[in-house]
Amino acid sequence: MSTPPRLRFAPSPTGDLHVGGARTALFNWLYARHNGGQFLLRIEDTDRARSTDESTRAIFDGLNWLGLTWDEEVVYQGANLARHQADALRLLENGSAYRCFCTPAELDERRKEAEARKDAFRYDRRCDRLDPAEVERRVAAGVPHVLRFRVPDGSTEWDDMVHGRIAFPNKDIEDFVILRSDSTPIYNMAVVSDDIAMRITIVMRGDDHISNTPKQILLYSALGSPLPRFAHLPMIHGTDGKKLSKRHGATAVGDYQHLGILPSAMRNFLALLGWSPGGDLEVMMLDELVERFGEDGLLKKAAVFDPKKLEWMNGQHLSILPVEDVAQWVMPALIAAGLATASELAERHDWFILLLELLRVRSRTIDDVVRQARPFLVEEITYDPDATAKQWKDAAHTITLLSETRDRLEALSDWSPEPMEEALRELAESHGITAGKLFQPMRVALTGLAVSPGIFDVLVMLGKERSLARLEAAVASLERGQTD
RNA sequence: GGCCCCAUCGUCUAUCGGUCAGGACGCCACCCUUUCAAGGUGGAGAGACGGGUUCGAUUCCCGUUGGGGCUACCA
């Protein structure tokens, strides 16, 4: 193996980029990267009725978000119609294919009859037995017809990179259509023609394509082209064991992007669906994935997509990634949520990074970070009713506590954790309560929430002025509540 | 119906004939602790079934069962 492998991802633009497609793209990309080969992208837009530019864009966006860049110009299958036809005609000329005049209606009829008899329908080759003169006559008369591939006797087999040897008796493969009566190519014809033209050496795709493979191998042979290697990846199922579909909720990679998942975590998670590095390794960054990815770890069994584990994985990446990398994804989310502007974040970049360090370890998604960042970014906070109900139960007592806290903190000349802790623990002690009994009401006053980073971190991040103001506002709010 | 693929905890998986069948997510308990996370410790939890092959099978072979895919002039 000296020539670098060439692989491709070939989605049809009929919807969003699904996690299944993304996984297939990832594996192709990883394999190409690991082996110093190329990863190409081909848009299979020959189904004019279902293909949309919007879907094509969604595929580009999804791939870009995942960081799966392709190496050459995107190939649009629809642009290669002439070559597909030429290849199909070559097959007719070299005797590998024949003209079939059976109409769709007739075929449908026979199919139904076979079904009624509980027989497996297979085209009976009647047009292949037509007298050559008759064929000529019909062609001359302009009778519509398709081109069918004449499947030879024998068995079609290959060594699949994930399944090992797979064999199909040719008798089970019918003489399939390669060119429609409107002279457009059928899927298998177009794919093989393109893969040959793109000099693809490894075809890695979902194992729902296993039954297409013998037909494609037959086409390669008839066309006199060398075979690529095939790798059929296991399907991805929903939690109910059924093939992943819309009804399972979020299935498009764009959905997860909007749910606050990091591309790094998505890649890591997807890589583990159908591949294993062996051993106990799970959390891996891109370079490590590239480094370890190989056909030895390819798995056969369909995997269930577990969003819970994805979230956990995301939490890991949120905590482990260089903080500046995380910031790159969190900042736009903060801006989109209206909590800050780009210039505000740029002005206080160091402060923001400190805040992010505090929040990321206690978050599983970018959305979690945004939610917790709110009290640190906006002027006015609102009090979570559950939090006040629990922590501000005794209004009078809380007012006293918070007022005294405010005064003690104001007296501090050094706004840092050590003196704060000293002062506040002393205050708690003077009231005969545990520190927690003081910190919790404080937390609500400072953030409006029952959960936050450590109370001293909160004070430091908020700054003295804003901290005191929040405490005063809380006291005012409690006093108002008392007189109501 | 026909053809093909697949089969270890609920889920993702390790094991390349000999293991107390390991790890991770999730779940439960405890520890840490100013909350929430994170972290730590422990717990419950699996070889679908039946035959072979072998001194010995989760592992190799066959069958059964179960699940999935394909079965178009869709891709």
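Chain letters run A, B, ... following the sequence lines, proteins first and then strands; every chain starts at 1. From a predicted model like this one, the values you see are computed outputs, not experimental measurements.
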Walk along nucleotides 27-41 of chain B from 5' to 3' and tag each nucleotide B, S or - by protein heavy-atom contact under 4.0 Å, base first, then sugar-phosphate.
-------BBBSSS--

How far does CG of Leu459(A) sit from CG of Leu424(A), to the nearest 0.5 angstrom?
7.0 Å

Taking the same atom, C1', in rA46(B) and in rG10(B), what whole-Å distance lies between them?
10 Å

Can you tell me the base-pairing partner of rA46(B)? Count Watson-Crick or G-U wobble geometry only, both distances below 3.5 Å, and say none if there is no partner.
none

rG22(B), rA75(B), rC5(B): which one has an atom nearest the side-chain heavy atoms of Asp207(A)?
rC5(B)

When rounded to the nearest Å, what value does the distance between P atoms of rG43(B) and rG50(B) take?
30 Å

Between rC30(B) and rG22(B), how far apart are the C1' atoms? Round to whole Å, please.
23 Å

Rounded to the Å, how far apart are Leu281(A) CG and rC25(B) C1'?
16 Å

What is the nucleic acid contact for His237(A), judged by heavy atoms within less than 4.0 Å: base, sugar-phosphate only, or nothing?
sugar-phosphate

Could you list the residues that satisfy ring pair (Phe, Tyr, Trp, His ring centres under 6.0 Å) with Phe293(A), not counting sequence neighbours?
Phe27(A), Trp275(A)

Just checking Asn212(A): base, sugar-phosphate only, or nothing, at a heavy-atom cut-off of under 4.0 Å?
base

Assign Ser181(A) to base, sugar-phosphate, or nothing according to its heavy-atom contacts below 4.0 angstrom with the strands shown.
base

rG39(B) to rG45(B) separation - C1' atoms, rounded to the nearest Å:
24 Å

Please state how far atom CZ in Phe269(A) lies from atom C1' in rC25(B), giving the value in whole angstrom units.
9 Å

Across all strands shown, which nucleotide pairs with rG1(B) by Watson-Crick or G-U wobble geometry, both distances under 3.5 Å?
rU71(B)

Show me the pairs that pass salt bridge (charged side-chain N to carboxylate O under 4.0 Å, His left out) and involve residues 429-455 of chain A, at least two apart or across chains.
none

Just to be sure I understand the rule, does Val146(A) reach a base, reach only the sugar-phosphate, or reach nothing, if contact means heavy atoms closer than 4.0 Å?
base

Side chain to side chain donor-acceptor pair (under 3.5 Å) test vs Arg8(A) passes for just one of Asp195(A), Asn28(A), Asp194(A), namely Asp195(A)

Considering only heavy atoms, which members of residues 97-106 of chain A lie under 4.0 Å from some atom of RNA chain B?
Cys102(A), Thr103(A), Pro104(A)

Would you check if the distance from the ring center of Phe149(A) to the ring center of Tyr98(A) is below 6.0 Å?
no

Over how many whole Å does the gap from Asn268(A) atom CG to rA24(B) atom P extend?
15 Å

Sticking with atom P, work out how far rG2(B) lies from rU11(B), rounded to a whole angstrom.
29 Å

Measure from CG on Leu310(A) to P on rG26(B) and round the result to the nearest Å.
12 Å

Quick check on rC70(B): is either OP1 or OP2 less than 4.0 Å from any side-chain nitrogen or oxygen of His209(A)?
no

Between atom CD1 in Ile166(A) and atom P in rC4(B), what is the gap in whole Å?
11 Å

Per nearest nucleotide of RNA chain B, the residue lying toward the 5' end, Val162(A) or Asp182(A), is Val162(A)

Ring-plane angle category for Phe230(A) and Tyr220(A), please: parallel below 30°, perpendicular beyond 60°, tilted otherwise.
perpendicular

State whether Arg408(A) and Glu404(A) are salt-bridged, where the test is any N-O pair (Lys NZ or Arg NE/NH1/NH2 against Asp/Glu carboxylate O) under 4.0 Å.
no

Check for me whether the distance between the ring centres of Phe456(A) and Trp415(A) falls short of 6.0 Å.
no

Using purine N1 to pyrimidine N3 plus N6-O4 or O6-N4 for Watson-Crick, or N1-O2 and O6-N3 for G-U wobble, both under 3.5 Å, which nucleotide pairs with rC25(B)?
rG10(B)

Do the charged groups of Arg125(A) and Asp175(A) touch, with an N to O distance under 4.0 Å?
yes

Write down the distance between CG (Leu233(A)) and P (rC4(B)), rounded to a whole number of angstrom.
22 Å

Under a 3.5 Å cut-off for both contacts, is rC55(B) paired Watson-Crick or G-U wobble with anything, and if yes, with which nucleotide?
rG18(B)

Would you tabulate the pairs of protein nitrogen or oxygen atoms and nucleotide nitrogen or oxygen atoms of nucleotides 1-3 of chain B closer than 3.5 angstrom?
{"from": "rG1(B)", "atom 1": "O2'", "to": "Lys118(A)", "atom 2": "O", "distance (Å)": "3.2"}

Send over the distance from Arg205(A) CZ to rG69(B) C1', rounded to a whole Å.
13 Å

Taking the cut-offs as 6.0 angstrom to the six-membered ring centre and 45 degrees off its axis, would you call Arg148(A) and Tyr123(A) a cation-pi pair?
yes

Smallest heavy-atom separation, Leu355(A) atom then Ala373(A) atom, equals CD2-CB, 4.4 Å

How far, in whole Å, is rA7(B) from rU59(B) if one measures between their P atoms?
11 Å

Can you see which heavy atom on Arg42(A) is nearest to which on Pro11(A), and at what distance?
O-CD, 3.2 Å

Would a 4.5 Å heavy-atom cut-off, applied to side chains only, mark Leu449(A) and Val444(A) as touching?
no

If we count only N and O atoms by modelled type, under 3.5 Å, do the side chains of His317(A) and Ser264(A) hold a donor and an acceptor together?
yes

Quantified in whole Å, what is the P atom distance between nucleotide rC12(B) and nucleotide rU71(B)?
26 Å

Nearest-angstrom distance from the residue atom CE of Met235(A) to C1' of rG67(B)
14 Å

Between Phe168(A) and Ser155(A), is there a side-chain heavy-atom distance shorter than 4.5 Å?
no

Does a nitrogen or oxygen in the side chain of Arg50(A) sit under 4.0 Å from OP1 or OP2 of rA75(B)?
no

Between Trp312(A) and Asn314(A), does any side-chain donor sit less than 3.5 Å from a side-chain acceptor?
no

Complementary nucleotide for rC36(B) - Watson-Crick or wobble, under 3.5 Å
none

What string of B, S and - do you get for nucleotides 7-13 of chain B, 5' to 3', when a contact is any protein heavy atom under 4.0 Å?
SS--SBS

Contact between Ile43(A) and Phe60(A) at the side-chain level, heavy atoms closer than 4.5 Å - yes or no?
yes

For rC25(B) and rA44(B), measure between their C1' atoms and round to the nearest Å.
15 Å

